[in-house]
Number of protein chains: 2
Amino acid sequence: MAGPRDEFPFSFAELNAFLAVCDEGTISAAARRLGVTQPAVSIALGELEARLGTKLVDRAVRPPVLTPAGALLRQRASALLSEARLIAPEMREIDRGRLPLLRIGVIDSLARSLTGVLVRTASEMADEVAIQAGLTAGHASNLLTRKLDVMFGLDDLADVPDLERWPILTEPYVLALSPGLTPPATLDELRALAAENGFVRYSARSSTGVDIDRHLRRLGLNFPRRLEFDTPYGVLIPLASGHGFAITTPICLIESGVAPDAVVCAPLPGPRLTRTVTLVGHPDRRRRAPKILAEAARRDLQASVAERLSRLAPSLVGSVAILDD
Amino acid sequence: MAGPRDEFPFSFAELNAFLAVCDEGTISAAARRLGVTQPAVSIALGELEARLGTKLVDRAVRPPVLTPAGALLRQRASALLSEARLIAPEMREIDRGRLPLLRIGVIDSLARSLTGVLVRTASEMADEVAIQAGLTAGHASNLLTRKLDVMFGLDDLADVPDLERWPILTEPYVLALSPGLTPPATLDELRALAAENGFVRYSARSSTGVDIDRHLRRLGLNFPRRLEFDTPYGVLIPLASGHGFAITTPICLIESGVAPDAVVCAPLPGPRLTRTVTLVGHPDRRRRAPKILAEAARRDLQASVAERLSRLAPSLVGSVAILDD
DNA sequence: TATCTCCATAAGCGCTATTTATATTCCGTA
DNA sequence: TACGGAATATAAATAGCGCTTATGGAGATA
């Protein structure tokens, strides 16, 4: 797979080399630390710069100093690599272990909405209940490593056999705008809006953020990032106090707890994009925990979502579909 | 830099190929989408499995299904790649004189209180701002791996050199009880309370939970766990709807957003136990981000904490000390 | 100015990933 | 149960990438 550099203008090794240069201060020292010769690092760095189209380090002065672009790459690369380094160890850890406890992971955008009903329901099934809020990816890996028994998230892990799946709800992604902004009706208007106003995004750590990124990429929309968050609350806060817009969902709007007049909602121009929250869990023959929790969650949401939306964003009432099997 | 696979048992292209296989369902289809031949993908996948030491897809059945390890890799890889895809476009932006990213981690119990002021302050220092909420431990490791520039948390990372530290606030742990329960005045009364009512605890993943556990252990108190959460909101929800008690802090009470009459607060009998929130950050010579963010956060809290507490729990007004250097 | 260190470039080469070609396995269907 | 088609694995050949050694130039220190 070493063909022409299609999509990624860098390799792990190159990023690693670059970081070594940042840490060590010189190319020679970095080469020593990496256990390769000096020209190897020199060339790698040069090609990295060529492919990125930017100088990364200013070698005119000594010791070499990072350019602004280099400083950014350092941030990004070191985050990326420390993330990558975790993957292999985690995969080795996938074994099985069982605890009597009932452990439930809930995606951030449903944490507040569901915690109450989950506590009530789960308390009747288990003596000990642990509930954690977080991102889908974290819950999924915890589920697969059996650190969780069930999770509410955006990934139904369809490829994994021997898991139970209970769909909870489907909802559209919508635009959320600062009050005063005119909702765009077409993609061109959306593009114009983005030229004048900041786009507040979910981070790529969240499934929601990944979904939205991919959708925008397919539409050829390339909003600059200015503000990013990994929770619904974070995304909506900046809208209330300035000129900006975000892509979010009705449930996220409810979860964020913003005031009714702080944000204006509108449909997302272009192709429809939705997300589905699914309960995924290890089968539990005795307690039937996945099924019972799913049904309780649905009942609770059925009773509360429309009512809350009618106060926050009447136009979105009916957009959230609580599912059944 | 294509020597023996030292540290990373995969390349971007291989992860991309694996994701294509996940999406398309078959190796052949993935190869078509990637514009390579089928054996290329087949071999790449096989070597990926060999290097990771795990089967990723079960090809015995058709269509192939992911193993648990494969599902985990899918999660991780897709997050990693969507993060990586953003890097190059961003670097082009930087050359147009934009300021680099500022990434801030905030402990869950201050997330809502601080997000607004942090967005306002950080936006003036950087063109891009990322704020994530979570647990202190996660932020600390992200800070050390440079995935974060500054963090607000309960750990000042005193052992790590070359970090700036700015104390934000100190507050006591207090008891929170379901309405109707009588606040215990002594440790014996607390023990009696625990015999009759459920103790809702913070999970051991959170610094707060670890602190409380240790304190209780020293006092010889051994409450059975029944319910545990890792966010302030989660801990207080069960109290509002049943007979139980928890140990929490004034800031957590504010953060949770519970109604004023849902919970009753009282001092914690026995030795005083407090916690201190500190801002820790990488030094930032140019922008002075840690100092400026700390000062803005203090000002904001100074203005808002007492006011909010007076509505929620008048007896706690004055218990939170906003610090200075 | 001399010297040391660091860096860039050039040439050669080994290795890796790709391709084409072919065998094998699995599934649906007659 | 036998057969056709599709998907996958394997083998051999090839091409390209990145490594090394060798060498010249540039900056810092005395």
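In what follows, chains carry the letters A, B, and so on, assigned in the order in which the sequence lines appear, proteins first and then strands, with residues in each chain numbered from 1.
Distance, A/F12 CZ to D/dC17 P: 20 Å, rounded to whole Å. Atom CG of B/L56 is separated from atom P of D/dA9 by 12 Å (rounded to the nearest Å). Per the geometry, CZ belonging to B/F18 stands 17 Å off C1' belonging to D/dT8, to the nearest Å. As a whole-Å value, the separation of A/R32 CZ from C/dC6 C1' is 10 Å. Counting to the nearest Å, the C1' atom of D/dA11 and the CD atom of B/E47 are 14 Å from each other. The CG-P distance, from A/L45 to C/dC6, rounds to 16 Å in whole Å. Rounded to an integer number of Å, the gap from CD1 of B/I27 to C1' of D/dT8 is 6 Å.
Between B/R74 atom CZ and A/L144 atom CG the span is 11.5 Å, to the nearest 0.5 Å. Interatomic distance, A/L80 CG to A/F10 CZ, rounded to the nearest 0.5 Å: 6.5 Å. Interatomic distance, A/F152 CZ to A/T136 OG1, rounded to the nearest 0.5 Å: 12.0 Å.
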Let me check something: any side-chain donor-acceptor pairs from residues 276-283 of chain A under 3.5 Å, sequence neighbours excluded? List them with distances.
{"residue": "A/T276", "atom": "OG1", "partner": "A/T170", "partner atom": "OG1", "Å": "3.0"}
{"residue": "A/H282", "atom": "ND1", "partner": "A/R146", "partner atom": "NH2", "Å": "3.3"}
{"residue": "A/H282", "atom": "NE2", "partner": "A/L143", "partner atom": "O", "Å": "2.7"}

Within the sub-3.5 Å range, which N or O atoms of nucleotides 20-24 of chain D have a protein N or O partner, and how far apart are they?
{"residue": "D/dT20", "atom": "OP2", "partner": "A/T37", "partner atom": "N", "Å": "3.1"}
{"residue": "D/dT20", "atom": "OP2", "partner": "A/T37", "partner atom": "OG1", "Å": "2.7"}

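Residue B/S42 places none of its side-chain N or O atoms closer than 4.0 Å to OP1 or OP2 of D/dA7.
Looking at A/S42, its side chain never comes within 3.5 Å of a backbone N or O of A/Q38 through a donor-acceptor pair.
Salt bridge present: A/D213 and A/R201 bring a charged side-chain N and a carboxylate O closer than 4.0 Å.
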